[in-house]
Protein chains: 2
Amino acid sequence: MGRPRSYNRAEIVEKAVILFRQNGYKAVSIGNIVEATGMNTASMYKEFGDKNGLFVEALNLYRGYLESTRAQLLIDQPNISGIEQFLKSVVEEASGDAYHGCLIMNHLTQKNLISHEAEEIIGAFCEGLEALLESALKNARAQGEIPAEKDPASLAKFFACLVHGFILYGRHENKKNGFSAVYETAMEVLH
Amino acid sequence: MGRPRSYNRAEIVEKAVILFRQNGYKAVSIGNIVEATGMNTASMYKEFGDKNGLFVEALNLYRGYLESTRAQLLIDQPNISGIEQFLKSVVEEASGDAYHGCLIMNHLTQKNLISHEAEEIIGAFCEGLEALLESALKNARAQGEIPAEKDPASLAKFFACLVHGFILYGRHENKKNGFSAVYETAMEVLH
DNA sequence: ACCATTTTAGAATAATCGTTTTATAAAGGT
DNA sequence: ACCTTTATAAAACGATTATTCTAAAATGGT
């Protein structure tokens with residue numbers, strides 16, 4: 001009963017992901033989102049509480065997407081092949097023309113401007129990613145894919161740093177040439 | 001002649017560097033800077049034109065500082081030792097507790113929010129850095145410090161990406177353990 | 001047809017933004 | 001002492017911010 005809502009909740013959050021990813025939390029106003037979605041301001045606040053509430057939902061939607069696609073590569077193949085596919089996927093996206101980085105990692109540069117809740121989502125996601133990498137590397141070493149003297153934890157942190165690098169470096173223009181050569185170079189640490 | 005100014009221009013720009021580095025262009029208001037420096041709003045606009053004018057000055061001051069210290073390491077020693085010192089310097093700073101990244105590279109995540117002029121300073125700085133790395137690597141190869149089959153351009157881009165990664169990853173807390181092991185791991189690509 | 005319920009459209013609020021203006025204060029030159 | 005010059009303090013500007021409020025509209029149940 002009651003007047004039926006004229007908006008689609010999922011669409012709102014998807015649009016929020018796009019906007020927050022492009023411009024960052026601080027630079028996206030509720031007005032921007034209302035304009036982009038056609039949703040009403042009052043409904044917006046009833047549905048998400050406040051701007052941070054919508055941002056947290058956007059972070060979680062984006063996280064879920066990354067986990068079910070990219071991170072899944074590391075779970076399906078917890079070995080060197082999985083790591084290769086994972087990194088290639090990151091590099092490929094970051095090579096795109098209108099690349100806007102990663103909604104989650106972008107906000108590492110704006111930690112002062114977001115809620116504690118949002119900060120924790122970011123921290124947990126990145127720790128989880130590093131744990132997946134380490135797990136795949138441990139398994140790879142157990143299977144003899146990499147030398148026994150290699151340290152999975154250090155390698156995992158190395159690849160995690162590199163992913164952060166791809167995401168930030170990907171914001172440059174004129175990066176296409178030789179961006180995938182960076183991937184090839186990085187993989188040499190496994191020899 | 002005329003009333004003497006009560007502010008120190010250089011101090012204003014230094015303060016602007018700190019604030020813009022911590023929170024980013026969009027999130028720092030002229031009011032914040034006026035408050036932090038004690039400078040007058042009118043004098044601020046007479047001196048720098050507008051907010052972007054101050055930001056550009058801040059970028060250039062920060063760039064000059066990086067060039068005369070960190071980048072100079074690559075010029076003084078255009079070889080593997082120079083690269084080692086350069087990267088160690090980046091890692092050491094990024095390991096710090098209240099690390100706020102790099103004023104210049106931070107704003108790669110906020111390209112939509114800054115002027116074309118600022119964007120170009122950022123692009124030019126990062127290209128210059130990569131060129132210095134490549135130059136050092138070419139020289140290192142000529143001197144037999146790295147194998148002849150290595151590609152200086154690819155390696156330079158690899159290290160540039162890694163630096164972007166250190167700067168972004170450095171925003172995490174709980175990173176101290178094993179952050180320098182990432183550096184050791186990365187250097188293995190030169191073997 | 002009316003009522004309760006929920007959403008809508010859109011105005012209203014108070015704060016803050018970048019920027020400009022107005023009036024005063026402090027100096028040197030004559 | 002007065003004039004010119006420049007910087008100051010502080011108010012004023014219009015735009016935008018996040019958020020809330022008011023009133024009308026659209027549904028299902030009775």
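Note that the coordinates shown come from a computational prediction; the quantities given were computed from them, not determined experimentally. To find a chain, count down the sequence lines: A is the first, B the second, and so on, and within it residues start at 1. Values below: all heavy atoms of this structure, side chains included; hydrogens, waters and symmetry mates excluded.
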Chemist: Determine the minimum heavy-atom distance between Val182(A) and Ser154(B), stating which atoms define it.
Modeler: CG2-O, 4.4 Å
Chemist: Which atom pairs, one a donor and one an acceptor, fall under 3.5 Å between side chains of residues 158-165 of chain B and the rest of the protein, sequence neighbours left out?
Modeler:
residue: His164(B); atom: ND1; partner: Ala160(B); partner atom: O; Å: 2.8
residue: His164(B); atom: NE2; partner: His172(A); partner atom: NE2; Å: 3.0

Chemist: When you list every nucleotide of DNA chain C with an atom under 4.0 Å from a heavy atom of chain B, which one comes first 5' to 3', and which comes last?
Modeler: dC17(C) to dG28(C)
Chemist: Can you name the closest pair of heavy atoms from Leu73(B) and Ser89(B) and give their distance?
Modeler: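 Minimum heavy-atom contact is CD1-CB, 4.3 Å.
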Chemist: Using a cut-off of under 3.5 Å, enumerate the N/O to N/O pairs linking the protein to nucleotides 3-6 of chain D.
Modeler:
residue: dT6(D); atom: O2; partner: Arg3(B); partner atom: N; Å: 3.1

Chemist: Of the non-hydrogen atoms in Cys102(B) and Leu66(B), which two are nearest, and what is the gap between them?
Modeler: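 Taking every non-hydrogen atom into account, SG-CD1, 4.3 Å.
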Chemist: So, do Tyr45(B) and Ile30(B) sit near enough that their side-chain heavy atoms are less than 4.5 Å apart?
Modeler: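 A side-chain contact exists here, since the closest heavy-atom pair is under 4.5 Å.
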Chemist: Under the rule for ring pair (Phe, Tyr, Trp, His ring centres under 6.0 Å), what residues qualify as partners of Tyr25(A), not counting sequence neighbours?
Modeler: Phe20(A), Phe55(A)
Chemist: Between Asn32(A) and Val28(A), is there a donor-acceptor pair closer than 3.5 Å when you use the side chain of the first and the backbone of the second?
Modeler: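 The answer is no, because no donor-acceptor pair under 3.5 Å joins these two groups.
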Chemist: By a strict heavy-atom criterion of less than 4.0 Å, which residues belonging to residues 33-45 of chain A are in contact with DNA chain C?
Modeler: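 Residues of residues 33-45 of chain A that come under 4.0 Å of DNA chain C are, in numerical order, Asn40(A), Ala42(A), Ser43(A).
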Chemist: Determine whether Arg21(B) and Asn106(B) satisfy the following criterion, side chain to side chain contact (heavy atoms under 4.5 Å, CB included), listing intermediate values before the conclusion.
Modeler: CA-CA 7 Å; Arg21(B) 187 181 178 191; Asn106(B) 286 354; 4.2 Å; yes
Chemist: For a quick test of your reading: what N or O donor-acceptor pairs under 3.5 Å do the side chains of residues 183-191 of chain A make, sequence neighbours left out?
Modeler:
residue: Thr185(A); atom: OG1; partner: Ala181(A); partner atom: O; Å: 2.9
residue: Glu188(A); atom: OE1; partner: Lys150(B); partner atom: NZ; Å: 2.6

Chemist: For residues 126-134 of chain A, which side-chain donor-acceptor pairs fall under 3.5 Å, sequence neighbours excluded?
Modeler:
residue: Glu130(A); atom: OE1; partner: Tyr169(B); partner atom: OH; Å: 2.4
residue: Glu130(A); atom: OE2; partner: Lys157(A); partner atom: NZ; Å: 3.1
residue: Glu130(A); atom: OE2; partner: Tyr169(B); partner atom: OH; Å: 3.4

Chemist: Just the rounded figure in Å: distance from P of dT20(D) to NZ of Lys51(A).
Modeler: 14 Å
Chemist: For DNA chain D, determine which residues of residues 9-32 of chain A have any heavy atom closer than 4.0 angstrom to one of its atoms, and list them numerically.
Modeler: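 Under 4.0 Å from DNA chain D: Val28(A), Ser29(A), Ile30(A).
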Chemist: A side-chain contact here means heavy atoms from C-beta on lying under 4.5 Å apart; do Lys138(A) and Gln143(A) qualify?
Modeler: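 Not in contact.
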Chemist: In residues 107-115 of chain B, what residues come within less than 4.0 Å of DNA chain D, judged by heavy atoms?
Modeler: none
Chemist: Could Lys88(B) and Glu92(B) be called an ion pair, given the rule that one side-chain N must be under 4.0 Å from one carboxylate O?
Modeler: no
Chemist: Apply salt bridge (Lys or Arg N to Asp or Glu O under 4.0 Å) to Arg171(B) and list each qualifying residue two or more places apart in sequence or on a separate chain.
Modeler: none
Chemist: List for me each residue that meets salt bridge (Lys or Arg N to Asp or Glu O under 4.0 Å) alongside Arg5(B), sequence neighbours excluded, and say none if there are none.
Modeler: Glu47(B)
Chemist: Go through the structure and list residues passing ring pair (Phe, Tyr, Trp, His ring centres under 6.0 Å) with Tyr62(B), not counting sequence neighbours.
Modeler: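 Partners of Tyr62(B) by the ring pair (Phe, Tyr, Trp, His ring centres under 6.0 Å) criterion come out as none, since no residue qualifies.
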